[in-house]
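Taking it in order: structure first as structure tokens, then the write-up.
Remember, predicted model here, so these are calculated numbers, not experimental data. Protein chains get the first letters and strands the later ones, always in sequence-line order, with residue 1 at the start of each.
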Amino acid sequence: MTDEVDISLSVNGRTYRFKAEPRRTLADALREDCGLTGTHLGCEHGVCGTCTVSMDGQPVRACLMFAVQAQGAKIVTVEGLASGSELHPLQKAFIEHHALQCGFCTPGFLMLAWTELAKNPNPSDEELTDILSSNLCRCTGYKNIFSAVKAAANEMRNGAPK
Amino acid sequence: MSIQAAPSQRKETKVFGKRVPRLEDLPLVKGLGRFVADLSFPHQLYMRVVRSPIAHGTITRIDADEARKAPGVVAIWTHADIASYPLIDFRDPSAEALMPYRQPLLAKDRVRYVGEPIAVVFAESAYLAEDAADLVFAEIDELPPHMDAQADCASFAPGISTEPIVLKQGFGDLPGAFANAHCVVELELSIGRHSGVPMECRGAIGRYDAAQDVLELWGAAKVPLRNRETMARYFQRSSASVQLYELHVGGGFGVRGELYPEDFLVCAASMTLGRPVKWIEDRREHLMATNQSREQYHRVRAAVDQTGRILALSDVFFHDQGAYVRTHGARVADLTIGMLPGPYHVPVYQGIGHFRLTNKTPAATYRSPGRYEGSFVRERLVDAIAAKLGLDRIEVRRRNLIPSADMPYTRQLGALGTEVVLDSGDYAGLLQTSIDRFGWDELQKTIRVRRAQGEFVGAGIAMFLEKSGMGPSDSVTVSVDPMGFVEVVTGGASVGQGFETAMAQICAETLGVDYRRIRVVHGQTDRIRFGIGAHASRATVMTGNAVHAAATNVRDLALKHASVLLQAPAELLDIVDGIVARKGSPSGPTISLGQLSRQLSPGPEAIARGTNGLSCEGWFYADHMTYPYGVHLALVRVDGETGQVFVERYMVASDVGRAVNPMIVEGQVVGGVAQGLGGALYEQFRYSDTGQPLSLNFAEYLIPTAHEVPDVEVIVAEDAPSPLNPLGIKGAGEGGCTGVGAAIASAVDDAIGIPGAITSLPITPAKLKALLKNRRDNSNGDST
Ligand code: FES
Ligand code: FES
């Protein structure tokens, strides 16, 4: 339809350059042009949060943004959480607390928690429920996601590597 | 009983019954899972479906000229282009009467629901396919839509009505029982239309490998081997030339993994166009195209004696099937009838199900199909019996439960083509345990105090009976490689429920190896000839026991050969952590399973010995299903102003016979409760009078969030291991969901102080506000 433009994205500390139409969503660009398919698409209308990534420290819905709008920002996706083979405390906690079943919503919840805990490392239970209620999970009933984030927050506050 | 034999074999590695972490999780938390949308093939095309915007009408013309000229378009199909393809078949043999109601790949000259595929566009990218699809224009002459399954039947096609079949089962002298009853309790009840709605939408990639003449479908789920048979039949190909591949599946819940028009279309197109064809559903499509479920209207009656004992039960219901009969046939309505009496002794019973078509998205199974509906009906009825006779709700249940002494209990009904024989259970025992644990009696006092302060609070209860482990059989091959790693090839499937971990735990325990050294294969039709998959909570029971059988065979084989090498009788040997040694003398001579595997590998000696590596097949057969059961308890508060329901406490006690991994079982139960709550309070596919769907995004179709789902207390009971399988397992996938509608209704009744007030699900704030207003108006006038 429209002509492709040059796009450059900074994701997980790496720069990706590619050509795409201006209407290409950030989520599609991450998935198709950067090959980072951990960012999932559950609704493409901004409700489910499975596409949540961190953009300059804010959790954003990658389905609601165009890739061109994300240029110049520092993006972190779920693939950027672990350092090498060392899982992030959130990832470990999700496994330990059985906070995933099918795992489709998991990247979105991890990125949501990761960005929010960076802003508020010690949320109250009510605050945490509020935060988690912005994403949907159809398998777990949320209880274990809540426990996992809580446990990870504890561990992160107590000096574990970020 | 045979269940006694199992524990002695299970003591070595102690992983059965343990809360070990799941094998599935690592790639998923790293974002390295591979869901179908994540997979691409070189030179693939993208398919976009053009769907009917009209609920009922005659197609007079489809204009795709403009679309054909759009950039990147390779082909556009309407029905005329694929007219030789038949209607989509049922998975299991179904009643002849249902045949004309099957769905075509693309509508021929009639459209019957909004969302029905009428054309497909194949293009070079997903964006271009969508652009072109917008340019396809269908001229449709509207016909009056038929939207009410309770109304008089209409015509589906010339000479055939919208009611293909009336299902009927029962036993005993119904008129006699009603004539002699102390009293009759009668209710009209309904369950709203809702469904699984997994977080991952559907997707499918068809790929035809011309070099090998093999047709591949990627993104299969649930029942890949059964679907291969259907596919092979459909395309008139040998089974060996059709392969289905399961990838990661983002939730199944009954809807994912059935064969829909799109699955056939990507396959057909890959053969015709000679390129892989990828289709990924979007959420709007999902909510108008993927199987819906549940919607039923019941008229139920019970004849009871003065003590509240049920003498007879009669239920007539209308099942809203939507526009076509899909792969399940009339299974949901059939299950509703077969399972409706639940855990109660019902001496006389009749269930009649009017299976009816309407102009809505077709319906089929969703987690606890027929039982979520039937439990709501039955438990509402039991509450009504208690209210009518002035008896306690729990006492009435107690009086009617089937005693454990009566097990196995033949119901004289069928479900899923097998006779319902309840295998084992201590229903009254679990009821007592759960009300004690919930603190039911003390809770009544708190409730009274809070009510006196003007709050609308109440407690509710529901009992459920589930079924699981549908046969007839499953096979598994367990092989140990020279490094001592184990591969378990199953015909099962995983929809995210922890299948790999559970199978690995069973194998590990039986064989004596670390479960983390076990790789479990599922959903790959090219790896195994026979299997059924994961539906109806069958996987852990059927595939699990086949794993047990195969691993036992491998163990026996290993010990037999080790006994020669270690010069000790096999009975004195044991396998711990993959090492064979004499029991109780770990310092003696040993040999690893890897070494044994090498020695047994194919070759002249092995042939002489009659072995073919350290590898064995195992089978498990079951004539009958096994029946998990349990109790749901709820404490709710209703906001008198807004009519909103707050679930303050929720408990499920669920007997699963034996829990392979209690952590996974609890996860299944809690997840089931969340889905059940959705159907009880929020979720509904609504339609306008003209048949326009009104729930096409997540703002209109409301899935519970972290705010709505309470902290669910779970009792995983193992009171009644199933005598039908060596591991004693019953399925755990559905019981968390089954009783929720019933328990919440019971609690809301109690909270607003109007017994029997809730007659339909979901219980929306608008309904409750109206009930509360009525209540106020009545109490302002005379007493109710
Ligand atoms: S896919 Fe972005 S919010 Fe659902
Ligand atoms: S784990 Fe399946 S949607 Fe959350």
Side-chain angles (χ1 to χ4, degrees), chain A residues 1 21 23-24 28 31-32 35-48 50 77-82 87-88 90-108 110-111 128-146, chain B residues 19 21-22 24-35 37-40 71 126-128 131 196-201 248-253 280 282-284 495-498 663-664 666-675 697-699 703-712 736:
Chain A
M1 279 287 275
E21 292 176 70
R23 63 172 175 167
R24 192 149 187 91
D28 284 345
R31 292 175 50 78
E32 309 293 335
L36 300 169
T37 54
T39 300
H40 295 158
L41 289 167
C43 74
E44 295 173 88
H45 56 254
V47 181
C48 74
T50 55
T77 68
V78 67
E79 290 92 341
L81 280 195
L87 293 181
H88 186 274
L90 274 165
Q91 292 171 309
K92 279 191 222 156
F94 266 57
I95 295 176
E96 258 157 51
H97 293 263
H98 188 29
L100 62 149
Q101 290 184 26
C102 77
F104 192 77
C105 69
T106 309
L110 286 169
M111 295 318 296
L128 185 54
T129 304
D130 264 345
I131 290 168
L132 297 179
S133 70
S134 51
N135 282 16
L136 295 175
C137 170
R138 193 57 162 165
C139 300
T140 64
Y142 306 103
K143 174 182 170 179
N144 290 350
I145 297 178
F146 182 94
Chain B
R19 301 170 171 271
R22 301 200 319 167
E24 289 87 344
D25 291 352
L26 193 61
L28 293 170
V29 298
K30 288 164 119 182
L32 302 178
R34 194 192 285 123
F35 297 88
D38 305 338
L39 180 69
S40 285
Y127 284 65
L128 294 175
D131 289 341
V197 191
M199 292 317 299
E200 182 199 16
C201 292
H248 276 120
V249 177
F253 314 125
I280 301 299
D282 68 31
R283 183 57 66 182
R284 185 183 147 83
V495 284
Q497 75 278 52
M663 176 189 84
I664 292 177
E666 284 169 14
Q668 286 289 308
V669 172
V670 177
V673 169
Q675 288 195 306
N697 58 53
F698 280 147
I703 285 178
T705 73
H707 270 304
E708 285 81 38
V709 183
D711 201 349
V712 180

side-chain contact (heavy atoms from CB on, under 4.5 Å) evaluation trace for A:Gln101 with B:Gln668: CA-CA 9 Å; A:Gln101 290 184 26; B:Gln668 286 289 308; 3.3 Å; yes
Chain A contact via B:Tyr127 - side chain, backbone, both or neither, heavy atoms under 4.5 Å: both
Chain A contact via B:Val670 - side chain, backbone, both or neither, heavy atoms under 4.5 Å: both
B:Pro27 versus chain A, the contacting section by heavy-atom distance below 4.5 Å: neither
Which portion of A:Leu132 sits near chain B, non-hydrogen atoms under 4.5 angstrom: both
Residue part contacting chain B, namely of A:Leu87, when any heavy atom lies under 4.5 Å: side chain
Segment of B:His248 engaging chain A (4.5 angstrom heavy-atom cut-off): neither
Pairing residues for B:Asp25 by the side-chain hydrogen bond (donor to acceptor under 3.5 Å, both in side chains) criterion, not counting sequence neighbours: B:Arg22
Interchain contact, B:Val495 with chain A, by part (heavy-atom threshold 4.5 Å): backbone
Under 4.5 Å from any heavy atom of chain B - which part of A:Thr106: side chain
Under 4.5 Å from a heavy atom of chain B, the part of A:Glu44 involved: side chain
Listed once per pair and sorted, the salt bridge (charged side-chain N to carboxylate O under 4.0 Å, His left out) pairs that draw on residues 94-107 of chain A, sequence neighbours left out: none
Which atoms of A:Tyr142 approach chain B - backbone, side chain, both or neither, heavy atom under 4.5 Å: side chain
Proximal component of B:Glu24, with respect to chain A [non-hydrogen, under 4.5 Å]: neither
Any donor-acceptor pair under 3.5 Å from A:Arg138 side chain to B:Gly671 backbone: no
A:His45-B:Asp282 side chain donor-acceptor pair, cut-off 3.5 Å: no
Atom group of A:Val47 that falls short of 4.5 Å from chain B, counting heavy atoms: side chain
